[in-house]
Every structure is written in structure tokens, then in C-alpha cells.
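Input: a single structure, listed below in C-alpha cells.
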Amino acid sequence: MTTVPVSLHALLTTPFTPAPPVRWRRAHWQQWADRMGPDFRLPDVDHEVDRQDAAALVHDELERGRTVPAFVAAMVWAYGPANDGPYRTATVLGGRRRPTAVQPEVVAALEDAVGTARDVTAPTASVQAATARTAGAASAATGSAVRSTPAGHGGVAGDAARSAHRRIVEHRLHGLAPAGLTAWLHFASARRDPYAPHAVPVLDDDVRGWLARDADLPLRDGHPDDYGRYVDRLVTWGRPFGRTPVQVESSVRTLVASAGTGSDS
């Protein structure tokens, strides 16, 4: 179904509103931070984190060369209040079911994925200029930092997303679930702006379930080719409305939340 589903169409024709912030339990995550060592630093936010804040946190940590706290910040957003979120994050960084310390080879693999994601989704100068103009107009009109950005020339495409996804899959990192994998690629490609045309979208169980039910788009878990199909579909759906792939993905999350069909973990 390349036609935009009716429920999603209704959202895409109204001003874009991002999904609500993600709540998380700092004390629950702190237990694993204490176990894994000083590199496992938690983001400096209290009870909830929105996508824009997470993108800024991840980008700033990466710019300082601190891959581990960047990854932790991304996973806090990806897993939120899930009871096993801190454990999942620790098993990836520790490379085993009973992690006790961050493994250097895991950090190297995560850094490699960041480089690939940024290389294949690099925004062009024309898109950066268009984004800046749109941001200025939106701020002047509404005072809001949230905006619709151009989804045409220079935006992410399925081939680029597929390449980045395949690159990190090839590392076979222990415990890196599809939701965490695509969240890492998302924030790596966002460069502080998670709704920009060059940012790749997240694909987790909630989004995947909605696509299968409401859009006749079943996707296999963790397959680069299916991830590329997913990105291309979001590009197709968003283009007529001036929406980026991540803005479309965020609207799908809004539908899932309003229907009460999202996962509890």
C-alpha cells in the first residue's frame, strides 16, 4: 500500500506535532551505570527526555569523542521506562549476557556505525540552507523550535539507510535489538536535528506492528533490506506533505499511542 493510510493522512495534513517525551527511571539505570564503570554515564536529564533533547545529547557526546555516553543517551530514549532497558544497553556495551565492563571492540563497532551513518546521509549544502530558512520562518511565525523540513532533494533514501543498517548488523553486536540499532543510526545521522531530511527513522515493535496492521507493510525484524523499504515508504508518504521520514515516523507513534496499541515495555 503506497497510498497513505487514512488515519496517517489526517495527521499529515495538520501542523506537525512531535510525539510526547519518553519517561525513564534514572535510579533503575544508575544501578547499571555503577556496575559498568565511569564510561557508562547517564544523560543529565531528570524524568523524561524528548527526541530533540536526546539528539543534542548524543551529538554533543559524539563531538567530544565519548561514544559510550552517546550510546547510553540514545538507548534511554529508545527504551525509556522498559524494565530491561538498562540491562539491554549494558549487554551491548559489555558484549555478553552478564556484562561487567564496556568492551573496546564494541565501542569501535559503534563508532564505525556512526561514521557510516553520517557518510551515507550527509546533508547537502542546499538542504542545510533550506532547513535554516524554514526554521527561521517557523520560529518567526510560531515561536516554536519544531518545524516541517523539506523532504525532497538531499534527504535520506532507502539505499543509504540500508547501507548504514547493514554495516552495523555485520558487527554482530551482542544484544543489539532492532529498536536500539535503528535508534543509534537515527541519532548518529541526525546531527542534533532529529526531524531533518537526512535523519534516518527508528523502527521498533510499535511502528512495525502499525505498519503491518494499518499499512499492509510487514517487515522482518532486523533485516537491512526491509529497513530500506521502510525508509522509502516514509519518504513516499511524507513528500506530498513536506514531511521528512522521521516526521512521518513520529506521526505513526502518535497514532499508536492514541490507539493504545503500543508495547508496555
Side-chain angles (χ1 to χ4, degrees), residues 17-104 106-107 109-111 113-114 145-146 173-195 199 201-207 246 249-250 253-254 256-257 260 262-265:
T17 302
V22 172
R23 297 189 64 82
W24 69 299
R25 304 184 187 103
R26 171 177 283 275
H28 191 46
W29 285 75
Q30 187 63 52
Q31 297 173 20
W32 281 98
D34 294 341
R35 178 180 302 190
M36 295 294 289
D39 285 344
F40 198 106
R41 284 190 292 272
L42 302 181
D44 188 19
V45 292
D46 292 327
H47 305 299
E48 59 184 28
V49 56
D50 66 23
R51 199 169 199 150
Q52 195 80 46
D53 290 339
L57 287 166
V58 173
H59 179 81
D60 290 349
E61 293 289 15
L62 289 175
E63 288 296 296
R64 297 184 184 106
R66 302 197 304 217
T67 303
V68 175
F71 183 74
V72 172
M75 296 306 102
V76 164
W77 183 90
Y79 294 127
N83 289 330
D84 63 350
Y87 170 72
R88 289 188 189 186
T89 304
T91 58
V92 175
L93 291 170
R96 63 194 66 184
R97 290 181 61 188
R98 296 180 180 177
T100 56
V102 175
Q103 300 300 311
V106 172
V107 178
L110 293 173
E111 291 172 347
V114 168
V146 175
L173 293 178
H174 177 84
L176 185 57
L181 187 160
T182 57
W184 182 235
L185 296 180
H186 164 64
F187 287 115
S189 64
R191 300 171 178 82
R192 293 186 68 94
D193 188 351
Y195 300 106
V202 179
L203 180 59
D204 57 16
D205 287 345
D206 288 344
V207 173
V246 178
E249 175 233 304
S250 182
R253 292 184 186 283
T254 298
V256 170
S263 61
D264 294 327
S265 60

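Everything numeric here is computed off the predicted structure, so don't read it as measured data.
In this structure, Ser189 and Ala199 approach most closely via the heavy-atom pair OG-CA, 3.5 Å. When all heavy atoms of Gly94 and Gln103 are compared, the closest pair comes out as O-CG, 3.1 Å. In plain terms, the two heavy atoms of Tyr87 and Pro99 that are nearest each other are CE1-CD, 4.3 Å. The minimum heavy-atom distance linking Ser250 with Ala19 is given by the pair OG-N, 3.2 Å. Between Ala82 and Arg25, the closest heavy-atom pair is C-NH1, 4.5 Å. For the pair Gly80 and Trp24, the tightest heavy-atom approach, listed with the atom from each and the gap, is O-CB, 3.8 Å.
In terms of the salt bridge (charged side-chain N to carboxylate O under 4.0 Å, His left out) criterion, residue partners of Arg192 (sequence neighbours excluded) are, by chain and number, Asp60. Taking the salt bridge (charged side-chain N to carboxylate O under 4.0 Å, His left out) definition, one finds that Asp53 meets it with nothing, sequence neighbours left out. Not counting sequence neighbours, the partners of Arg253 by the side chain to side chain donor-acceptor pair (under 3.5 Å) test are Asp204, Glu249.
No side-chain heavy atom of Thr254 sits less than 4.5 Å from a side-chain heavy atom of Pro18. In this structure, the side chains of Val202 and Val207 stay at 4.5 Å or more apart for every pair of heavy atoms.
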Under 3.5 Å, which donor-acceptor pairs link side chains of residues 62-78 to any protein atom two or more places apart or in another chain?
residue	atom	partner	partner atom	Å
Arg66	NE	Glu61	OE1	2.7
Arg66	NH2	Glu61	OE1	3.0
Thr67	OG1	Glu111	OE2	2.8

List the atom pairs, with distances to 0.1 Å, where a side-chain N or O of residues 30-49 and a protein N or O form a donor-acceptor pair under 3.5 Å, not counting sequence neighbours.
residue	atom	partner	partner atom	Å
Gln30	NE2	Asp34	OD1	2.8
Glu48	OE1	Arg23	NH1	3.4

Could you list the donor-acceptor pairs under 3.5 angstrom formed between side-chain atoms of residues 177-187 and any protein atom two or more places apart in sequence or on another chain?
residue	atom	partner	partner atom	Å
Thr182	OG1	Pro178	O	3.0
Thr182	OG1	Ala179	O	3.3
Thr182	OG1	Leu203	N	3.0
Thr182	OG1	Leu203	O	3.4
Trp184	NE1	Leu110	O	3.3
His186	ND1	Val200	O	2.7
His186	NE2	Arg51	NE	3.1

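Note that the OG1 atom of Thr100 and the CZ atom of Arg98 stand 11.5 Å from one another [nearest 0.5 Å]. Atom CG of residue Leu176 and atom CZ of residue Arg88 lie 10.5 Å apart, to the nearest 0.5 angstrom.
His28 contributes a side-chain N or O that, together with a main-chain N or O of Asn83, makes up a donor-acceptor pair within less than 3.5 Å.
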